[in-house]
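Take a look at the structure set out below.
Each chain gets a letter, A, B and so on, in the order the sequences are listed, and its residues count up from 1.
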There are 2 protein chains.
Amino acid sequence: MENYTVLLHEHHLKATPQRLEIAYALDIYGHINIEKLYTILLQKFKTISLATIYKNINLMLDASFIQEVKIPDAKSVYELTKETHSHAICTQCSHIEDLSLNLNNIKENASSATQFQIKKADLIFSGLCKNCQ
Amino acid sequence: MENYTVLLHEHHLKATPQRLEIAYALDIYGHINIEKLYTILLQKFKTISLATIYKNINLMLDASFIQEVKIPDAKSVYELTKETHSHAICTQCSHIEDLSLNLNNIKENASSATQFQIKKADLIFSGLCKNCQ
DNA sequence: CTGGGTGCAAAGTATTTGCATGAAC
DNA sequence: GTTCATGCAAATACTTTGCACCCAG
């Protein structure tokens, strides 16, 4: 990833320095929670406020520029919107990894079991990452 | 389900009237958020406080008497601990359904893809329930 | 230039804590 | 009787809002 300005514009968001830095941080770190994002942005913008973070996160969510990932026993983190994928989180070090899994079969099973018209499946694994085992 | 006193004791929790009612409400409704739980308990205990709800929910979570279910774009709900299962939520009416799916295969795939030692998989489907389609 | 973004302060909402009283075991 | 739960009030944490000023397009 490189041109966050274009990416923001594609989502009908103005490319302010603060937003560019949020996009950059999400891209580099992969998954960040509000608190950490604030800490990171503070290094670049000495006077940035949490209100700005929250406003932008909410706008970016509305614009589908980013996605929220709800994690068991932890605060939500945010990531740039990419192809659909699942997550694995380490209960020891909190490291989060993306993974692509084919969920078509399981979606069909769920659909016939529930009679739901299923639109998406959020799947998150918890365990120990390679380093923490 | 019937004897919530025994069930509470099995989890090393005293069987107070408030807790019995929480257990009953969770059993009947299946999945409830804090706010709704408070509303329900208020009918039985005119002076119950939200603090009591929160304290009990946290104790019950610690004791694995109940589980939290994090839902996309909505507040968490709680359910009595049962066999491992997945959830489907209707984006229209918020109805939540439990379903049993065999995730062994997908867990193995995730394990080899991430090198994680996987302990659990939380899977939640979003879509339209039979009534809302 | 103009619409929208930023930062600050304040408000609003959600959750936790301390403590005196009361109930479970 | 002893331990722990309850309910209230207050404190803390989290998130949103209003507004004056400023910047991206």
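D:dG7 atom P lies 16 Å from atom OH of B:Tyr54, rounded to whole Å. Spacing between atom CG of B:Leu8 and atom C1' of C:dA23 amounts to 15 Å, rounded to whole angstrom units. Distance A:Glu35 CD to D:dA13 P: 11 Å, rounded to the nearest Å.
Listed by residue number, the members of residues 55-71 of chain A with any heavy atom below 4.0 angstrom from DNA chain C are A:Lys55, A:Asn56. Listed by residue number, A:Thr47, A:Ile48, A:Ser49, A:Ala51, A:Thr52 are the residues of residues 36-53 of chain A with a heavy-atom contact under 4.0 Å to DNA chain C. Listed by residue number, the members of residues 9-21 of chain B with any heavy atom below 4.0 angstrom from DNA chain C are B:His9, B:Lys14, B:Ala15, B:Pro17.
Rounding to the nearest 0.5 angstrom, the gap separating the CG atom in B:Leu103 from the OG atom in B:Ser86 is 5.0 Å. Atom NZ of B:Lys55 and atom OG of B:Ser49 lie 6.5 Å apart (nearest 0.5 Å). Atom CG of B:Asn105 is separated from atom CG of A:Asn102 by 11.5 Å, given to the nearest 0.5 angstrom. Rounding to the nearest 0.5 angstrom, the gap separating the CD atom in A:Glu10 from the CG atom in A:Leu8 is 9.5 Å.
Residues A:Leu80 and A:Phe65 form a side-chain contact, since some pair of their non-hydrogen atoms from C-beta on lies under 4.5 Å apart.
Both A:Leu61 and A:Tyr24 are part of a single hydrophobic cluster, where members link through side-chain heavy atoms under 4.5 Å apart.
The pair B:Lys82-B:Asp98 meets the salt-bridge criterion, with a side-chain N (NZ, NE, NH1 or NH2) lying under 4.0 Å from an Asp/Glu carboxylate O.
For C:dA14, one of the phosphate oxygens OP1 or OP2 lies less than 4.0 angstrom from a side-chain nitrogen or oxygen of B:Lys75.
When only modelled atom types and interatomic distance are considered, B:His85 and B:His87 share a side-chain donor-acceptor pair under 3.5 Å.
Although no hydrogens or angles enter the test, the distance criterion places a donor-acceptor pair under 3.5 Å between the side chain of B:Arg19 and the main chain of B:Lys14. A donor-acceptor contact shorter than 3.5 Å links the side chain of B:Thr114 to the backbone of B:Ala110.
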